[in-house]
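Report on one structure; see the data block that follows.
Owing to the predicted nature of the structure, the values given are computational and were not obtained by experimental measurement. A note on names: the letters A, B, ... follow the listed sequences, proteins ahead of strands, and every chain is numbered from 1.
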Number of protein chains: 2
Amino acid sequence: MNFSEAKKEIDSALNQGKLCLVVGNCKVRYDGRAASKLSEGDRLLVIKPDGTFLVHQKSKMNAINYQGPGADVTTDLDGDALRVRAERRKPMKEVIDVFFHSLQSVQSFVMSDDSNLKLFGSERELADLLLDDLHVLEKGLKPLNKEADLRKGFADIMARDSSGRLVAIEVKRREAGLDAVTQLARYVKELSQRKDEKVRGILCAPRITDNAKTMLEKDGLEFIKLDYEVSDKAEIKGLEKKQKSLEGY
Amino acid sequence: MNFSEAKKEIDSALNQGKLCLVVGNCKVRYDGRAASKLSEGDRLLVIKPDGTFLVHQKSKMNAINYQGPGADVTTDLDGDALRVRAERRKPMKEVIDVFFHSLQSVQSFVMSDDSNLKLFGSERELADLLLDDLHVLEKGLKPLNKEADLRKGFADIMARDSSGRLVAIEVKRREAGLDAVTQLARYVKELSQRKDEKVRGILCAPRITDNAKTMLEKDGLEFIKLDYEVSDKAEIKGLEKKQKSLEGY
DNA sequence: GCGATCAGCGGCACG
DNA sequence: CGTGCCGTTGATCGC
């Protein structure tokens with residue numbers, strides 16, 4: 001395909017707010033938050049109407065080079081190559097240059113789409129469901145306001161147990177690692193200082209790594225295994241108490 | 001475009017290890033780690049030779065539905081729609097069904113590409129550079145990374161200061177938030193317990209949020225502002241000591 | 001707009 | 001293989 005035709009096609013697509021796909025052999029250069037070079041190879045370039053700019057190789061899920069929504073895309077005939085540039089200034093100045101040396105295809109499409117994804121099984125959804133069934137965790141647990149105590153990030157669920165102690169509950173939709181325990185520990189620490197009372201911390205997840213469990217126990221926190229099913233409607237399938245509090249350290 | 005022709009084209013592309021692009025109006029359903037529904041709209045489907053399966057809407061960087069490398073892709077004429085399915089069993093059973101009701105384009109391409117990205121400015125690179133210039137952080141700091149202290153999760157750099165105290169240094173390539181402080185605090189805590197001596201913790205980043213700085217100071221940790229430039233070769237531009245130790249808590 | 005956190009995170013490196 | 005953690009993380013939500 002001819003470069004100047006290709007340039008026209010891309011420019012026109014950009015102008016009309018169409019999705020533009022370019023396949024060809026290219027080099028890529030990026031300079032911004034980091035910097036990168038990619039030597040010649042066949043790639044797919046996707047340019048979306050919102051400025052999204054994706055350079056895909058033949059494997060892997062993620063684009064090898066990219067620019068998010070809001071990028072300014074321009075084209076230029078640069079000697080024996082067609083240069084497509086995506087530029088951004090918002091977080092900081094960033095530039096991607098794609099130098100096409102040969103083209104397999106340039107196409108553009110009108111994309112009409114008003115639909116939003118409906119997702120089931122998010123952490124938020126699980127926490128909401130659990131809030132309505134706190135007794136499955138422990139008898140006598142009474143929910144407090146869900147997330148209002150701290151402004152700078154706090155536990156998913158706050159509650160009081162049957163003996164009146166404050167309980168911070170962190171829900172994870174997948175295996176909990178060290179970071180999850182660290183996070184809960186921070187919440188418990190800050191809360192107990194703020195409220196000047198002992199606070200329990202419960203981590204709910206379908207699984208926990210060995211290291212995380214060790215650290216959690218050392219910190220006097222608790223883990224409750226919580227499996228769930230997703231099927232149009234996120235549902236809590238069951239749970240298994242595995243670890244009780246060690247009463248401080 | 002005709003569905004049965006499209007099916008043939010896609011099947012052939014899959015068979016020959018080509019990149020396949022499909023643009024058309026479709027519905028999408030996903031069931032796996034979570035579940036989702038997406039009603040009709042125009043989308044781009046990218047199928048890579050390694051099984052990568054991406055459904056892109058007209059905006060945003062990330063695919064709205066996807067399957068990673070290793071997915072098994074099949075097609076089926078399903079009444080008045082062309083169904084393209086990506087199935088995976090590896091982490092767990094996951095299925096995406098894309099139902100095309102009309103097609104704008106089906107194309108496939110041979111993709112020859114042996115190049116790897118050269119990236120400059122990664123955290124690892126910054127840490128390595130800093131390791132060779134520890135004095136810019138503080139006079140008398142001596143690196144001791146060869147000890148390879150902990151296996152599972154540890155500070156980027158370990159050193160000893162002029163008075164012989166152990167120092168854990170965490171490098172962040174971007175603004176440090178609460179999580180970065182929490183992470184460093186965990187390292188320092190574990191290390192001081194393990195080594196049975198007081199350990200200093202230094203966080204190096206171009207910026208730190210207010211909350212994070214507050215927490216860091218309360219935990220007796222230190223922050224050193226560390227700017228850098230990336231230009232073909234990651235370079236440490238300068239630094240600014242901002243916060244000194246508060247001598248334990 | 002900043003900040004904290006989630007994500008079907010993905011990907012990598014190391015044990 | 002698990003596990004920790006970085007990422008040009010991106011995207012969302014609350015303030």
Side-chain angles (χ1 to χ4, degrees), chain A residues 30-36 52-53 59-69 71 86 88 90-96 117 119-127 147-148 150-156 170-180 182-183 186-187 207-212 230 234, chain B residues 30-36 52 59-69 88 90-96 117 119-127 148 150-156 170-183 186-187 207-212 230:
Chain A
Y30 160 69
D31 205 323
R33 286 171 286 181
S36 72
T52 298
F53 190 92
S59 62
K60 294 292 167 64
M61 262 199 58
N62 288 349
I64 190 68
N65 279 113
Y66 57 87
Q67 201 81 260
R88 201 154 62 139
K90 290 206 313 188
M92 69 177 290
K93 171 154 184 177
E94 294 189 287
V95 182
I96 299 180
L117 187 74
L119 180 68
F120 309 92
S122 66
E123 177 180 308
R124 179 63 169 266
E125 198 173 11
L126 292 180
E147 43 184 295
L150 261 182
R151 281 309 151 250
K152 45 186 175 187
F154 207 54
D156 298 319
E170 179 67 25
V171 181
K172 288 293 168 207
R173 66 177 312 286
R174 57 171 180 169
E175 178 181 65
L178 285 177
D179 50 350
T182 315
Q183 188 184 13
R186 166 164 41 104
Y187 294 158
R207 218 167 79 80
I208 187 171
T209 64
D210 288 344
N211 285 333
V230 285
Chain B
Y30 159 71
D31 205 323
R33 287 172 286 182
S36 72
T52 297
S59 62
K60 295 293 167 63
M61 263 199 57
N62 288 349
I64 190 69
N65 277 113
Y66 57 87
Q67 201 79 263
R88 203 154 59 138
K90 291 205 309 192
M92 68 177 290
K93 171 154 187 179
E94 293 188 289
V95 182
I96 299 180
L117 187 75
L119 180 68
F120 309 92
S122 66
E123 177 179 308
R124 178 62 169 271
E125 199 174 9
L126 292 181
L150 258 182
R151 263 90 203 96
K152 38 209 147 208
F154 207 54
D156 298 318
E170 179 66 24
V171 181
K172 288 294 168 206
R173 65 179 311 287
R174 57 172 179 167
E175 179 180 65
L178 285 176
D179 51 348
V181 177
T182 313
Q183 189 183 10
R186 162 157 52 95
Y187 295 157
R207 216 166 80 80
I208 187 171
T209 64
D210 287 346
N211 285 335
V230 286

Classify the nucleic acid contact of R173(A) as base, sugar-phosphate or nothing, counting any heavy atom under 4.0 Å across all strands shown.
sugar-phosphate
For dA7(C), does OP1 or OP2 lie under 4.0 Å from any side-chain N or O of N62(B)?
no
My understanding is that only residues two or more places apart in sequence, or in another chain, count here; which of them pass side-chain hydrogen bond (donor to acceptor under 3.5 Å, both in side chains) with E125(B)?
none
Below the 4.0 Å mark, does dC5(D) have OP1 or OP2 next to a side-chain nitrogen or oxygen of Y187(B)?
yes
Looking only at side-chain N and O atoms, does K60(B) come under 4.0 Å of OP1 or OP2 in dA7(C)?
no
Just the rounded figure in Å: distance from P of dT12(D) to CD of E125(A).
16 Å
Short side-chain N/O contact to dC6(C) OP1/OP2 from Q183(A), under 4.0 Å:
yes
Looking for any heavy atom pair under 4.0 Å, which part of the strands does I64(B) touch: base, sugar-phosphate only, or nothing?
nothing
Can you find a side chain N or O atom of T209(A) that sits less than 4.0 Å from OP1 or OP2 on dG4(D)?
yes
Report the distance from atom CD of E123(A) to atom CZ of R174(A), rounding to the nearest 0.5 Å.
10.0 Å
Whole angstrom is fine here: how far is it from CZ in F120(A) over to C1' in dA7(C)?
17 Å
Whole Å only: how far is the CG atom of D210(B) from the C1' atom of dG3(C)?
10 Å
With rounding to whole Å, what would you report as the distance between dG7(D) and dC6(C) at their C1' atoms?
15 Å
Can you see if the side chain of R207(B) gets near the phosphate of dG3(C) - specifically, an N or O under 4.0 Å from OP1 or OP2?
yes
Candidates dG8(C), dT5(C), dT3(D) - which lies nearest the side chain of L178(B):
dT5(C)
Does E123(B) get its side chain close enough to the base of dG7(D), under 3.5 Å, for a donor-acceptor pair?
no
Rounded distance (Å) that lies between atom P of dA7(C) and atom OH of Y66(B)
10 Å
Please work out if L126(A) contacts a base, only the sugar-phosphate, or nothing of the nucleic acid, heavy-atom cut-off 4.0 Å.
nothing
Respond yes when some side-chain nitrogen or oxygen of R124(B) is under 4.0 Å from OP1 or OP2 of dG11(C), and no when none is.
no
In Å and rounded to the nearest 0.5 Å, what is the CD to NZ distance from Q67(A) to K90(A)?
10.5 Å
Taking atom P in both dC6(D) and dT5(C), compute the distance separating them and give it to the nearest angstrom.
15 Å
Give, for atom OG1 of T182(B) and atom CZ of R186(A), the distance between the pair rounded to the nearest 0.5 Å.
3.5 Å
Tell me whether the side-chain N/O atoms of R174(A) come closer than 4.0 Å to OP1 or OP2 in dC9(C).
yes
Determine: side-chain N/O of R33(B) to OP1/OP2 of dC6(C), distance under 4.0 Å, yes or no.
no
Quick one: is K172(A) getting a side-chain N or O under 4.0 Å of the dA7(C) phosphate, OP1 or OP2?
no
Test item: side-chain donor near acceptor, E94(B) and Y30(B), under 3.5 Å
yes
Return the value, rounded to whole Å, for the distance between atom CE of M61(B) and atom C1' of dT8(D).
9 Å
Here the gap from K172(B) atom NZ to D156(B) atom CG, rounded to the nearest 0.5 Å, amounts to 6.5 Å
Are any of the side-chain heavy atoms of E175(A) and I208(A) separated by less than 4.5 Å?
no
When rounded to the nearest 0.5 Å, the distance separating CG of L117(A) from CD1 of I64(B) is 4.5 Å
So, the side chain of R173(A) versus the backbone of G121(A): is there a donor-acceptor pair under 3.5 Å, distance only?
yes
By the 4.0 Å heavy-atom rule, please label E170(A) as base, sugar-phosphate, or nothing.
sugar-phosphate
Using whole Å, report how far NZ of K90(A) lies from C1' of dC2(C).
14 Å
Suppose you measure atom C1' in dA7(C) against the same atom in dG11(C); what distance do you get, rounded to whole Å?
14 Å
Under the rule of Watson-Crick or G-U wobble with both distances under 3.5 Å, where | means paired to another strand and [ ] a crossing pair, DNA chain D maps to |||||||.|||||||
Nearest whole angstrom, please: distance from the P of dA4(C) to the CG of D179(B).
8 Å
Distance criterion of 3.5 Å, no angle test: do you see the side chain of N65(A) paired donor-to-acceptor with the base of dT8(D)?
yes
How is E175(B) classified with respect to the nucleic acid when contacts are heavy atoms under 4.0 Å: base, sugar-phosphate, or nothing?
sugar-phosphate
Give one of base, sugar-phosphate or nothing for R88(B), where a contact means two heavy atoms less than 4.0 Å apart.
base
What contact category does S122(B) fall into here, base, sugar-phosphate, or nothing, at under 4.0 angstrom with non-hydrogen atoms?
sugar-phosphate
